[in-house]
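Working notes for the structure below.
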Amino acid sequence: METVEMNSVSLKRPHSEDGVANADEVKRQKISEKSKTENDSGQSTETVTEQPDKSLLEDTKNEIIPNEESEEQEDEELEDSDEDGDPESFADMMKHGLTESDVGITKFVSSHKGFSGILKERYSDFVVHEIGKDGRVSHLDDFTVPVDDEDPSEETFTVLSDEDKQRLEELQLFKNKETSVAIEFLHVCVLTQVVEDTKEKRTVIHQAVKSLFPGLETKTEDRDGKKYIIAYHTAGKKALANPRKHSWPKSRGSYCHFVLYKENKDTMDAINVLSKFLRVKPNIFSYMGTKDKRAITVQEIAVLRITAQRLAHLNKCLMNFKLGNFSYKNHPLKLGELQGNHFTVVLRNITGTDDQIEQAMHSLREIGFINYYGMQRFGTTAVPTYQIGRAILQNNWNEVMDLILKPRPGAEKGYLVKCREEWAKTKDPAAALKKLPVKRCVEGQLLRGLLKYGMKNIISAFGIIPRNNRLMYIHSYQSYVWNNMVSKRIEEYGLRAVPGDLTLKGATAVHIEEGDVDNYTIHDVVMPLPGFDVIYPKHKIGEAYKEMLVADNLDINNMRHKIRDYSLSGAYRKIIIRPQNVNWEVVAYDDPRIPLFTTDLDKLEGKSLPVLPTDGKFRALKMEFSLPPSTYATMAIREVLKMDTSIKNQTQLNTTWLR
């Protein structure tokens, strides 16, 4: 098997405008004397005169998602980037973004000639189906609700007026000083065209209040000859923390599991919307992994003590996602429980010949791809996340603060630019914070911390940023080291196991000895992410790890940090991943806007694909494959195309096409 140097597409790699990035390049050259700089010998994309709509370009802004849950959470965009900005400003920003070689992604394992194609031209060109711990692929294929005699009737959802719902919500959330809300029975019944006062009709209202407003109880009272239903809290604010505890049938599992189908919406956004409509806290939802926004994704969700009937009712009023395949179980879901994800991807406007495509896809199926950490791991701005992670590990807190808050090249939202300019001019957190209407971004959180703890206590100020986001920076640095070391390992020893490599025996890493080397292939070899609880290869790459960390003023033998959160234990990761269930098809098309495969929702709604021409103006590669957790789909696609998958390069492809 031949190792091939990376070819970029269309553009030479520009000189970095960031001195730190230039320093990184010098360090890499010192570590790997044989390493080669990326050149511009790759395929260039064709120019197309027909102009697709603006959304085509906008849909390329985010990288394809990694197939790991904890990493996906870390990889959420910390920068408050201009996601809804115009394509020109985004393209301008990406002039200063990272390319693959900036983060050590430089090698390929296949020998075919590369070709160009466009990733995620539309979010609907990228579909992810979760693979559960039982190996089943999640699909939305059933909207029916489990039959349950104890479920409220459909009338429950319409019996209360909007005014009553508003008052009840304010009571439920303790937004006013009222201790109860009185609902006149006759008033409610007139709204639903029911005039007789019966116990059955009152029961519907009692059910509606308790079902729609968890934590509230009801009773019937006579006041001045009229019947009122009185809603009140039973357990104070604790009722919201443990919803529906007193009213959930004991015979039914406490968790309603369902399949969430979403389009162009990330998992947390979807859960926040669901919790808002259901009037509950987001933390009663659980899932095995977050999924990206710029995609169609299908995954399992569990929610505590919410009926399938209430969830199904949301399908009538929510956009961009659907809920189905309901069941009751006694357990929630946990991050990392899934076996992986199944991807369906369309690469549009491909230039490869049929032979190139066949070779590429056969290689992907038989050999696999280098298990690099994808570009999403390192951020999209001129200050990569690994640089901040390195400064944290160096205990250089002034640099951490500077890297996050300093002005940076490229287009950003106007208020971020003004905030950074104010900071550079005054170093006054209060003045800089006034320039930020949105305080939830990392910059806003750090400035609030500096305001609270003072400029001499940056560590505590930085601690205000959520823990997952803080750890994302140092994990990004680990990934940066791993990518560079794997490229060096493949350059030095090729695609075979050699003495001194590492392999896993259960959860323990051991060195491959000379006498055993024939019992292993490259698919058995792992490489460590640096940390205090890992061992390193016994050949040249073990020394290369040490040299890279020394160049970054870090001690490979002391990866414990003064602050426990930032101590790195390390981990092991396979060098090569071989996807499962690989299938592909080349199709021709004329209209860039038409879908090229049917989704779960299309099938449920009876929609079929349009008839495609046999000799269309464009060609697309439709591909399917399954990946285990902790792997990036972009890196599989990169191996097929042999081109840079960074947002910077993909933006160039799209802007070339749009001209």
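Because the structure is predicted, anything quoted here is derived from the model rather than measured.
Cation-pi check for K435 over Y415 is not met; the charged atom does not lie both under 6.0 angstrom from the ring centroid and within 45 degrees of its normal. Geometrically, R294 does not engage Y123 in a cation-pi contact, judged by NZ or CZ lying under 6.0 Å from the ring centre and within 45° of the ring axis.
For the 3.5 Å distance criterion, the side chains of N272 and S275 fail to qualify, holding no donor opposite an acceptor. Using modelled atom types and a 3.5 Å distance limit, the side chains of R377 and Y386 yield no donor-acceptor pair. In this structure, a donor-acceptor pair under 3.5 Å is present between the side chains of Q299 and T267.
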Trace of the side-chain contact (heavy atoms from CB on, under 4.5 Å) decision for I301 with L274: CA-CA 11 Å; I301 305 285; L274 292 177; 5.8 Å; no
Criterion side chain to side chain donor-acceptor pair (under 3.5 Å) on W482 and N484, from CA distance to verdict: CA-CA 5 Å; W482 194 91; N484 278 280; over 6 Å; no
Residues V383, K406; criterion side-chain contact (heavy atoms from CB on, under 4.5 Å); working and verdict: CA-CA 9 Å; V383 178; K406 72 179 182 179; 4.0 Å; yes
Verdict with supporting geometry, L405 and M401, side-chain contact (heavy atoms from CB on, under 4.5 Å): CA-CA 6 Å; L405 295 177; M401 178 178 66; 4.0 Å; yes
Worked check of side-chain contact (heavy atoms from CB on, under 4.5 Å) between K291 and K262: CA-CA 9 Å; K291 299 289 179 280; K262 63 183 183 64; 3.7 Å; yes
Side chain to side chain donor-acceptor pair (under 3.5 Å) between T385 and S476, intermediate numbers included: CA-CA 6 Å; T385 51; S476 176; 2.7 Å; yes
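Distance OH/Y477 to CG/L393: 7.0 Å, rounded to 0.5 Å. Here the CD1 atom belonging to I474 is positioned 9.0 Å from the CE atom belonging to M559, to the nearest 0.5 angstrom. With rounding to the nearest 0.5 Å, the separation of CD1 in I563 from CZ in R470 is 8.5 Å. Atom CG of N320 is separated from atom CD of E263 by 6.5 Å, given to the nearest 0.5 angstrom.
For the pair F285/I306, no side-chain contact is recorded, criterion being any heavy-atom separation below 4.5 Å from C-beta on. Contact check for L549 versus V481: side-chain heavy atoms found under the 4.5 Å cut-off. Under the 4.5 Å side-chain criterion, counting only non-hydrogen atoms from C-beta, D428 is not in contact with E422. Within the 4.5 Å cutoff, the side chain of F378 has heavy atoms near those of the Y373 side chain. Looking at R573 and M527, their side chains never come closer than 4.5 Å, going by heavy atoms from C-beta outward. Residues M635 and E100 have side chains in contact (heavy-atom distance under 4.5 Å, counting atoms from C-beta outward). Considering only heavy atoms from C-beta on, R390 stays 4.5 Å or farther from E399 through its side chain.
The two residues N371 and S630 have their closest heavy-atom pair at OD1-O, 4.0 Å. Nearest heavy-atom pair across T106 and S487 is OG1-OG, 3.2 Å. Between C419 and L447, the shortest heavy-atom contact is SG-CD1, 3.6 Å. Closest approach of L333 and E300 over heavy atoms only: CD1-O, 3.5 Å. Listed here is the closest heavy atom pair of G444 and L433: O-CD1, 3.7 Å.
Within 6.0 Å of NZ in K452 there are 12 or fewer heavy atoms belonging to other residues, nucleotides or ligands.
If you look at Y261 and F321, their ring centroids are not closer than 6.0 Å. Side-chain rings of F126 and F343 approach one another, their centers coming within less than 6.0 Å.
Electrostatic pairing of K120 and D125 does not count as a salt bridge here, judged by no charged N lying under 4.0 Å from a carboxylate O.
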